[in-house]
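Treat the numbers as computed from the prediction; the structure is a model and nothing was measured. Just so you know, these numbers use all the heavy atoms, side chains as well, and skip hydrogens, waters and symmetry mates.
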Amino acid sequence: MPAAPLVIAFDLDGTLVDSAPDLLDTLDLILKEHGVAPVDRTETRNMIGGGARLLLVRALERAGVHLPKDEIDGLTRRFIDHYAAHIADASRPFPGLIAALDRLEARGAKLAVCTNKTERLARLLLDRLDLTRRFATITGADTYGLAKPDPRPLRETIAACGGVVSHAVMVGDSATDVATAKALGVPCVAVTFGYTEVPAAHLGAEQVISDFGDLDAAIRALVPLPH
C-alpha cells in the first residue's frame with residue numbers, strides 16, 4: 001500500500017494572501033454609513049481572521065457605536081456582498097509564495113487550504129488570483145459546519161488529500177491556526193507577516209518564519225520532506 005502523502009494545509013487570509021486591503025476597504029465603506037472614520041490600517045489588519053461580522057462589531061465598538069443584532073446581521077450581509085464583488089482588487093499572494101508552492105509540489109507534497117472564510121469566498125479569491133489549481137483540497141468554515149480552532153476542519157482537509165494526521169503540517173498566521181493544529185496533534189509553522197494581535201513568535205508554533213523562502217527548511221525540521 002502506497003505511503004500517505006505529506007499534506008501541507010495552509011490558512012488563507014494573512015498566510016497565503018494579503019487580503020487586508022480589500023477587506024478593510026469594504027469595512028471603511030460600511031463604517032462610513034454610520035459616520036465612522038476610516039480605520040487605522042496597521043492596527044485593524046490584525047483583527048482580520050474572525051470573520052466579517054466580528055470585524056464589523058469590533059470596529060464599530062472601537063468607535064463607540066453599538067447596534068442591535070438585526071442591524072449587524074444586515075451590515076454583515078452587505079459587507080460580504082460588496083467584498084465578494086471586490087475580493088481581489090488589491091489582494092495579492094505574499095512574496096515568495098508561488099516559488100514555495102512550486103518547490104513543495106516538486107517534492108510530491110499535497111497542498112491544501114483550511115480557512116475560516118466561507119468556502120465560496122475562499123474559492124472565489126483563489127480563482128481570481130489563479131491559485132485554485134495549486135491546491136488538492138480547499139475547505140472553509142462552512143464546509144463541515146465547524147470553524148477552526150475546532151480540529152475537525154483540519155482533520156477532514158488532510159483526509160480529503162489522502163493524507164494522515166501523523167504526516168501533515170499546518171501553516172498559519174494566528175492563534176486560531178496554532179490552536180487548531182495542537183488540538184489535532186499536527187505541527188504548525190507560523191508566519192510573521194500575517195494578521196495576529198499576538199506576535200507570531202509567541203503563538204506556540206513549532207516553527208516560525210518571516211519569509212516563504214524559509215518554509216522548506218521549517219517543514220523539514222518537523223516532518224520528512226519527500227525527495
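Residue Ala190 comes nearest to Ala205 through the heavy atom pair CB-CB, 3.6 Å, listed as atom of the first residue, atom of the second, then distance. Contact between Val164 and Ala4 at its shortest, heavy atoms only, is CG2-CB, 3.9 Å. Counting all heavy atoms, side chain and backbone alike, Asp89 lies closest to His86 at OD2-ND1, 2.8 Å. A pairwise comparison of heavy atoms in Ser19 and Ser91 identifies CA-OG, 3.2 Å as the closest pair. Across Pro5 and Gly162, no two heavy atoms sit closer than the pair CD-O, 3.1 Å. Minimum interatomic distance between Pro187 and Val223 (heavy atoms only, all atoms of both residues): CG-CG1, 4.4 Å.
Of the inter-residue distances, the one linking Thr76 atom OG1 with Glu71 atom CD reads 10.5 Å to the nearest 0.5 angstrom. Atoms CG and OG1, on Asp142 and Thr118 in that order, are 5.5 Å from each other to the nearest 0.5 Å. Between Leu27 atom CG and Asp22 atom CG the span is 12.5 Å, to the nearest 0.5 Å. For the atom pair CD1 (Ile158) and NZ (Lys110), the distance works out to 14.0 Å, reported to the nearest 0.5 Å. For the atom pair Met170 CE and Leu184 CG, the distance stands at 10.5 Å (nearest 0.5 Å). The distance from the CD1 atom of Ile8 to the CZ atom of Arg107 is 11.0 Å, given to the nearest 0.5 Å.
With contacts defined as side-chain heavy-atom distances shorter than 4.5 Å, the pair Leu215/Gln207 does not qualify. Under the 4.5 Å side-chain criterion, counting only non-hydrogen atoms from C-beta, Leu67 is in contact with His34. Within the 4.5 Å cutoff, side-chain heavy atoms of Thr132 are placed close to those of Ile138. At least one side-chain heavy atom of Leu29 sits under 4.5 Å from a side-chain heavy atom of His82.
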Let's go through Thr137 and Thr157 carefully: what are the C-alpha distance in whole Å and the side-chain angles of both, what is the deciding distance for side chain to side chain donor-acceptor pair (under 3.5 Å) to 0.1 Å, and is it a yes or a no?
CA-CA 7 Å; Thr137 301; Thr157 299; over 6 Å; no
Step-by-step side chain to side chain contact (heavy atoms under 4.5 Å, CB included) determination, Ile209 to Thr192:
CA-CA 6 Å; Ile209 62 170; Thr192 63; over 6 Å; no
Take Thr115 and Thr139 through the test side chain to side chain contact (heavy atoms under 4.5 Å, CB included) and record every step on the way to the result.
CA-CA 6 Å; Thr115 175; Thr139 62; over 6 Å; no
List the steps, then state whether side chain to side chain contact (heavy atoms under 4.5 Å, CB included) holds for Leu131 with Leu16.
CA-CA 10 Å; Leu131 289 173; Leu16 292 171; 5.6 Å; no
Intermediate values then yes/no, side chain to side chain donor-acceptor pair (under 3.5 Å), Thr15 and Asp173:
CA-CA 6 Å; Thr15 301; Asp173 68 314; 3.3 Å; yes
Apply side chain to side chain contact (heavy atoms under 4.5 Å, CB included) to the pair Arg133 and Asp130, showing each step before the final yes or no.
CA-CA 7 Å; Arg133 60 190 174 83; Asp130 194 28; 3.3 Å; yes
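Cluster annotation: Ile98 is connected to Leu125 through the hydrophobic network of ILVMFWY side chains, with a link wherever side-chain heavy atoms come within less than 4.5 Å. Hydrophobic cluster membership is shared by Leu55 and Ile72, with clusters built from Ile, Leu, Val, Met, Phe, Trp and Tyr side chains linked at under 4.5 angstrom. In the hydrophobic cluster analysis, where Ile, Leu, Val, Met, Phe, Trp and Tyr join through side-chain heavy atoms closer than 4.5 angstrom, Val65 is grouped together with Met47. In this structure, Phe212 is a member of the same hydrophobic cluster as Leu6, with clusters built from ILVMFWY side-chain heavy atoms closer than 4.5 Å. Side-chain heavy atoms closer than 4.5 Å link hydrophobic residues (I, L, V, M, F, W, Y) into clusters, and following such links, possibly through other members, connects Val113 to Val189.
Between Lys69 and Asp73 there is a salt bridge, since a side-chain N of the basic residue sits under 4.0 Å from a carboxylate O of the acidic one. Using a 4.0 Å cut-off between charged nitrogen and carboxylate oxygen, Lys182 and Glu206 count as a salt-bridge pair. Between Arg41 and Asp28, at least one side-chain N (NZ, or NE/NH1/NH2) sits under 4.0 Å from a carboxylate O, which counts as a salt bridge. Under the 4.0 Å criterion applied to side-chain N and carboxylate O atoms, Arg134 and Asp102 are assigned as salt-bridge partners.
Aromatic ring centres of Phe94 and Phe193 lie closer together than 6.0 Å.
The aromatic rings of Phe135 and Phe10 sit perpendicular to each other, their planes meeting at more than 60°, with 30° as the lower class boundary. Ring geometry, Tyr83 versus Phe79: the interplanar angle falls from 30° to 60°, so the pair is classed tilted.
None of Thr180, Asn116, Asp177 except one satisfies the side chain to side chain donor-acceptor pair (under 3.5 Å) rule with Lys148; the exception is Asp177.
Using modelled atom types, no side-chain atom of Arg58 and backbone atom of Arg53 make a donor-acceptor pair closer than 3.5 Å. Between the side chain of Asp13 and the backbone N or O of Gly49 there is no donor-acceptor pair closer than 3.5 Å.
Residues Ser174 and Thr196 have side chains that never bring a donor and an acceptor to within less than 3.5 angstrom of each other. A donor-acceptor contact under 3.5 angstrom links the side chains of Tyr195 and Asp18, judged on distance only.
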